[in-house]
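Report on the structure given below.
Atoms within each ligand, like the ligands themselves, are counted from 1 in listed order.
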Amino acid sequence: MTGKKKVLLSARKIRARVKRLGKQLTAAYAGKDPLFVCVLKGACVFYADLVRAVRCPVQFDFVQASSYGSGTVSSGEVRLEKATDQPVEGRHVVLVEDIVDTGRTLAYLKRLFLQQGARSVAICALLDKPSRRAAGGAQADYVGFTIADRFVVGCGLDYAERFRNLPAIAELPAEETHE
Ligand code: IMP
C-alpha cells in the first residue's frame with residue numbers, strides 16, 4: 001500500500017463476513033459433496049478463506065477465465081483459459097469468484113457447467129457491483145459485500161497483476177491506473 005488507496009473493507013470485516021458465508025454454505029451443502037470451483041486468479045485468496053470456513057466436505061477445482069485485459073475496462077468477451085480437472089456432470093457446483101462486475105464471466109461459466117451436466121450451479125462472490133451488470137449477466141447467490149461502481153484491489157483483486165496480496169479491499173485512485 002502506498003497510503004494513497006482508500007480502504008473500503010478492512011481485513012477484519014472481510015474475515016467476519018467470510019465466516020458467515022461459510023456457515024451459510026455449510027447449511028446449504030451438507031451431505032451434497034459439492035465441488036467448489038475457484039475462478040483464478042482473483043478468487044484464490046477469498047477461496048482459501050471460504051473453504052476453511054465451510055464445515056462439510058468439499059472438493060476443490062480451478063478454472064481460469066478472462067474478460068478483462070490488463071486494464072480496468074472489460075473487453076466484454078470471455079475466454080476459458082483453464083477448464084476443471086474433474087467432470088462436473090452430476091455435481092453440485094459452487095463457483096467462487098472475487099467480484100461480479102458485468103456478470104459475463106460467471107454467466108459464461110454457469111452456462112458451460114450446466115451444459116456439461118452439473119446438477120446445480122451456485123455463485124458465491126466476495127464482492128458484487130450490481131450497477132455494472134450487463135444484460136444477461138449472472139447474479140450471485142451468495143455475496144460478501146455489495147459495492148458501488150469503483151475499481152477495487154486487494155484480497156486477490158488486481159490492477160495489472162499488482163495489489164493482489166493486500167489484506168484489505170481498497171479503491172484504486174485514477175492516477176495509479178495511468179489511464
Ligand atoms: P465480469 O465478467 O465483468 O463480471 O468481470 C469479472 C472479472 O473482472 C472479475 O473476476 C475481476 O477479475 C475483474 N474485475 C471486475 N471489477 C474489478 C475491480 O473493481 N477490480 C479488479 N478486478 C475487477
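- Heavy-atom neighbours of K19 NZ from other residues, nucleotides or ligands within 6.0 Å: at or below the threshold of 12.
- If you look at R150 next to ligand 1, the close heavy atoms, those under 4.0 Å, all belong to the backbone.
- Every atom of ligand 1 with a heavy atom of E97 under 4.0 Å away is listed here by number and element: 10 (O).
- Within the 4.0 Å heavy-atom shell around ligand 1 one finds D98.
- You'll find the side chain of V78 stays beyond 4.5 Å of the side chain of L80, heavy atoms only.
- For a threshold of 3.5 Å applied to N or O pairs, the pair formed by L106 and ligand 1 contains no separation below that value.
- Checked against salt bridge (Lys or Arg N to Asp or Glu O under 4.0 Å), E81 has the following partners two or more places apart in sequence or in another chain: R79.
- If you look at D158 next to ligand 1, the close heavy atoms, those under 4.0 Å, all belong to the backbone.
- By the 6.0 Å contact criterion, CZ on R119 is open, its count of non-hydrogen atoms from other residues, nucleotides or ligands being 12 or less.
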Could you tabulate the donor-acceptor pairs under 3.5 Å formed by side-chain atoms of residues 35-56, not counting sequence neighbours?
from	atom 1	to	atom 2	distance (Å)
K41	NZ	E161	OE1	3.1
K41	NZ	E161	OE2	3.3
Y47	OH	F36	O	2.7
D49	OD1	R52	NH2	3.0
R52	NE	A48	O	2.8
R55	NH1	R52	O	3.4

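- Put simply, the side chain of P34 does not reach to within 4.5 Å of the side chain of V93, judged on heavy atoms.
- When heavy-atom distances to ligand 1 are checked against a 4.0 Å cut-off, L157 comes that close only through its side chain, counted from C-beta outward.
- In this structure, K129 is part of the shell of residues with a heavy atom less than 4.0 angstrom from ligand 1.
- V143 places none of its side-chain heavy atoms less than 4.5 Å from the side chain of L127.
- Within the structure, the closest approach of G103 to ligand 1 falls below 4.0 Å when heavy atoms are considered.
- Every atom of ligand 1 is numbered from 1 in the order shown, and the set under 4.0 Å from a heavy atom of T105 is 1 (P), 2 (O), 5 (O), 6 (C).
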